[in-house]
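Take a look at the structure set out below.
Convention: sequence-line order gives letters A, B, ...; per-chain numbering from 1.
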Amino acid sequence: MRLKKYLVRALHRLQKGPGYTYKELLVWYCDNTNTHGPKRIIKEGPKKKFIWFFLTLLFASLVFWQWGILINTYLSYNVTSSLSIGFKTMKFPAVTVCNANPFKYSEVKPLLKELDRLIEAALERILQPGNSSDNVSPPLDLELWNQIPLVLIDEHDKDNPVILDIFESNQTAVGNETAMGYGTMENYTMGSKTTESYSTAAPAPGAENSTAPAAPANSTTEEKKYKLAVKLCSQQGSGNCTYRNFSSAAQAVSEWYVLQSTSILSKVPLHDRIRMGYQAEDMILACLYGAEPCNYKNFTQIYHPDHGNCYIFNWGMDEEALNSSNPGAEFGLKLILDISQQDYIPYLSSAAGARLMLHQQKSFPFLKDQGIYAMAGTETSIGVLVDELERMGYPYSDCTVNGSDVPVQNLYSQYNTSYSIQACLRSCFQNHMVEICGCGHYMFPLPEGVNYCNNEDFPGWAYCYSSLRSSIKQRQICIDSCKETCNDTQYKMTISMADWPSEASEDWIFHILSYERDMSTNVTLDRNGIIKLNIYFQEYNYRTISESAATTIVWLLSSLGGQFGFWMGGSVLCLIEFGEIIIDSLWITVIHLISWAKGLKQRRARARYPDAPPTGAELALPGRAPDGGGAGGGSHQPGLPARARASGASSRASSRASRARGPGTAPRARHATPQLRLPARAAPGHAEPRQRHGHRVTTGSCLC
Amino acid sequence: MRWYCLNTNTHGCRRIVVSRGRLRRLLWILLTLSAVGLILWQCAELLMNYYSASVSVTVQFQKLPFPAVTICNINPYKYSAMKEYLSELDKETKKALETFYGFSEGKSKVRRSVDDWNSTGSDFFQQIPLLKVEDFSRTATDLHSGQKRRVEGSVFHKDSSIVNSGDSNDIIGFQLCDANNSSECALYTFSSGVNAIQEWYKLHYMNIMAQIPLETKEKLSYSADDLILTCFFDGLSCDKRHFTRFHHPLHGNCYTFNSGENGTILSTSTGGSEYGLHVVLYIDEADYNPFLVTSTGAKIIVHDQNEYPFIEDIGTEIETAAATSIGMHFTRSRKLSKPYSDCTETGADIPVDNLYNKSYSLQICLHSCFQKAMVESCGCAQYAQPLPAGAEYCNYKKNPNWMYCYYRLHEKFVKEQLGCQQICKDACSFKEWALTTSIAQWPSAVSEDWMLRVLSWDKGQKLNNKKLNKTDLANLMVFYKDLNERFISENPANTLVILLSNFGGQLGLWMSCSVVCVIEIVEVFLIDSLSIVLRRQWQRAKKWWSHRQRGGTGTAQAGDLERQGHHNPVCLDEDLPTFTTALRLPLPQDSPLPRTPPPNYSTLRLETAFSEQLPDTLELGQH
């Protein structure tokens, strides 16, 4: 009972709203709110009232609509970029230099001897079909040949091409061959009008895969009669073979040679491969950084599968990265390299020169992607401009800071290099290769516990590799799973070349360089091998494109506030007011419900006991008026509660009384007493507090 | 006014009325006015900055469309095939070389031996001969006659600075005259005979070529088989069928890889040199025109499929006997068109017809504009650009005057007097491939032997067997350095929503005002004051009327009194307004009937919305 009393009191204390009916509440709210529109509604005449009501509604809906737009804008996480051009001491980029040729031919000759003899004999037969080359004294290693043979395709008869094996010289018509390479040859004959019908390895759905968009048919006049193709079989002797056609014999030969040599070299252990490559002291003849001399010891050696031994200057792995003090060729890196062109592997690399690349410290050099060539016998000057890009990560853009959130195992982490998209793509490919072919490709680092592919252990690897390589699906998976890095530095290069050394200076330069390297007076260098490189900052300022969020939470709030303020002059406080009113109206509902329930109960009780004592609620009812008065006089915000509530209470009470008057006559008197007392009690205090409230209303809205 | 100040939602106004003391009131008036000024200033600023744009750079890693790559031989037509057309011109050129520079012969001697040339030289060559100019005397020596003749008209120096400083006796040039009016001539001189002869040759060459129909010209130029020896794209073999022929007036047959002509555009999903386009070109150096082109190699241009390749303007030259590797980096930019910046989306709003069958670019517009001016003023079209409808190429037989006209026009164009540079606008969106070009020796010393043999075999299947020379070959690799696409776009920095929020923020900050306030101001200062004025007029009229009718003054006085009374409750000893006065005051003036006289308390009672409060209020008022 006591608890109930407390509850009821708490209830009443909470419900200190400015009125006991919805209308009162609304009117009070409209009058006292700091939002601009509602006030006008009540203060104007009937016609204007309607206009104001309409306007207020319109503005309110405008505000909500525009809030929607603003919040949407915020959630789209736009960024703005700012370009800053500054002037600071910059880190000199890491410079990787390699020879275009991976190994010294003199060193690898024993390994590749058989292969070279094979290709020479094959070329002999292809180029001079008439002369049968019987004079080849040592027998060729046909087993090696047969693992991945080259075949000649006779296309005199377009619909029925004949495949000629180069060494067995037995012509097999397509009909025979189909028995062996079933699906593939079918494919071949079917599509022989388009050149790259060559393979099932490259199933060509979609335009991006097939190199040949449907070709115009008018190309019959000078059709080639012979073509070279590489025959790739999934398993030795098994029927699953594809013919990889080439429009040019030169390409076919180099492709074939790469496949074969890869298989041979992958069996060689790493330290042997490093030994077979170019050594730093042989390659880097002179080095000058700014005014400071440097030598090959300042370079970090790294084994790169494409290019053998590569040397990186200023990689920043062990020591601090060098800062460049000044722009201009005088203050950059000057190198003299020797690529000794006579020692190139003839069939492996047809282009001669040095391959070099500028990259960030601690990143792996992907020379095939971003490397440039430097030509022998020239001086190549490379002016560098630094272009940095700094991006915001999630949710603004889909980039990764260090690659830890990319679902691909980074195989290049064994070099202790930082994450890059190229590393991710290659790792992704290698992982697929290991998964599908069972062995790793020689060009990429190996995951743990896997071996490189070679012909003996994995006879079908070439087939597997070339089907994987041309598979669009595999590429797409890798593209989807890899993310680019958030901070990206690009080195924009301006490359210019001049002949070097000049005819006049040639003699003494070669003499000195040979002497320094080989300690001999004989000239061991020539024009075909020597390269001079100048790498320097072109300008001394950097360009940074950095992203910043276009819409921050502060922006959002100020825009929301601006909208609300613009249309309705409102603020957060106004929202709170509104919320308060809603709570108040809820309370009114609750009270209504309670009193209704009470009334129902009482009526029932009265029906049973006509002379029942008043319930707690009824007893509490008189206390409400002083309560409300206290609130009005107190610090509570609502302006005119006391009077309004008092009158409201009285009117409500009287209306209820009048309602109650209907059924019973006995309780009427008892009810009437407190009700009648109410106005009387409130009356004396009326004038004074009301006056005060009046003040508060005006000053209150003034201060808002 | 007073009512407005008290009841308005703007803060300053109320303070003015409510404050006590003159100084304070003045202060508040000043503050309010300065706040209004600030608002106006800031809002003007906001409005002016409305059309600004912010730039965003997005980098996206994705599969990229491979651009179109157009490859041309530097030499436009096979010299051997062109012999019959050019024999006369060549003879003339050789003679000029002999005359002016003499291959060992003295100059004076050559001048004598000129006579027999006149019979072979056509009319045309006499018209525009090479001249040797003695600058100071302003006389020129004709190539044909050896006569000296006075040079009239203006002199154009192509290299004027060098002419003035150097030995000016040995200047070679040619004179272009207006055929109708021979006194108007322009003399073009060059400091170097090399330039002069090339320019002169080109002029005649264009004249000759303009008369040859297109089909013949295409046959005279290189076929795809001639030019492209091997082709490799994205790790797969390709051949001439992937190339689209495109005839360029100055470069002969060019071949565009991945032109998108048959609807598909190739794309790469892997960067790096292995996966790009890799071609070996056959440059038949022996068949070069010795006077027209003096360098050997090929020209390539990387462009979008919809773009016209302006090879002569932005082509990259590649060397023979070398492997040129071109790494690309793709950037796409988009600018906002009007009203943010002055660029055009499609070129449709530019009063120059696009003569090229490709999407708009500034270059296209300039060329089209020039061609249009050429057709208008010279009556025929210039050879190097496409034909506008209904025009034909200039040639000497039909338009004897065209060269003079062309050079005049070109001069004007370069000096921006044709207005083309003003008419043409930038395109709003463009794609750009930044190229990094590097060169390696190819084939290498040790691989040269087999490489040339195999390539000859490749070639030999098409032509008769002959061993290729490495200076006839060029190796070209075009690939994406990385698949990062940079997209630079401008976005409107302000939208209407943001502009309004900023307005709201400004209004709210300085005066806690909103649109409602603005409406109030309009209401009070326009409608209500208008109504007051009207009412006054009405009352005056009424007064005047009643005065006339009855001669009494009662009503007017009553009205005055009432107004007085209406002010009274507030003005009463400068006190803060009470709740009641604040509440009661608005009602009368607010009433939508403008001509009702200020209400007294009884009308108030009727009109007020607070019917329940009213009795109390009234009671209080009487208190």
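Side-chain N or O atoms of B/Ser273 include one that pairs as donor or acceptor with a backbone N or O of A/Lys368 at under 3.5 Å. The backbone N or O of A/Pro346 sits less than 3.5 Å from a side-chain atom of B/Trp450, completing a donor-acceptor pair. Looking only at distances, no side-chain donor or acceptor of B/Arg453 sits under 3.5 Å from a matching main-chain atom of A/Leu123. Not one N or O on the side chain of B/Ser269 forms a donor-acceptor pair closer than 3.5 Å with the backbone of A/Arg475. A/Gln563 places no side-chain N or O within donor-acceptor distance of the main-chain N or O of B/Gly504, the cut-off being under 3.5 Å. The closest donor-acceptor contact from the side chain of B/Ser438 to the backbone of A/Tyr373 lies under 3.5 Å.
Of the atoms belonging to A/Ile479, heavy atoms from both backbone and side chain fall under 4.5 Å from chain B. Contact of A/Ile382 with chain B is not made at all, since no heavy-atom distance falls under 4.5 Å. For A/Gln490, the part sitting under 4.5 Å from any heavy atom of chain B is the side chain, from C-beta outward, and nothing else. At a 4.5 Å heavy-atom cutoff, the contact between A/Ala250 and chain B is made by backbone and side-chain atoms alike. For B/His329, the part sitting under 4.5 Å from any heavy atom of chain A is the side chain, from C-beta outward, and nothing else. At a 4.5 Å heavy-atom cutoff, the contact between B/Ile439 and chain A is made by backbone and side-chain atoms alike.
Contact count against chain B (heavy-atom pairs under 4.5 Å) is highest for A/Arg469 among A/Lys483, A/Glu547, A/Gln342, A/Arg469.
Taking the six-membered ring where the residue is Trp, A/Phe246 and B/Phe232 present parallel rings, their angle staying beneath 30° rather than reaching 60°.
Two residues are said to be in side-chain contact when any heavy atoms from C-beta on lie closer than 4.5 Å; A/Asn528 and B/Gln441 meet this criterion.
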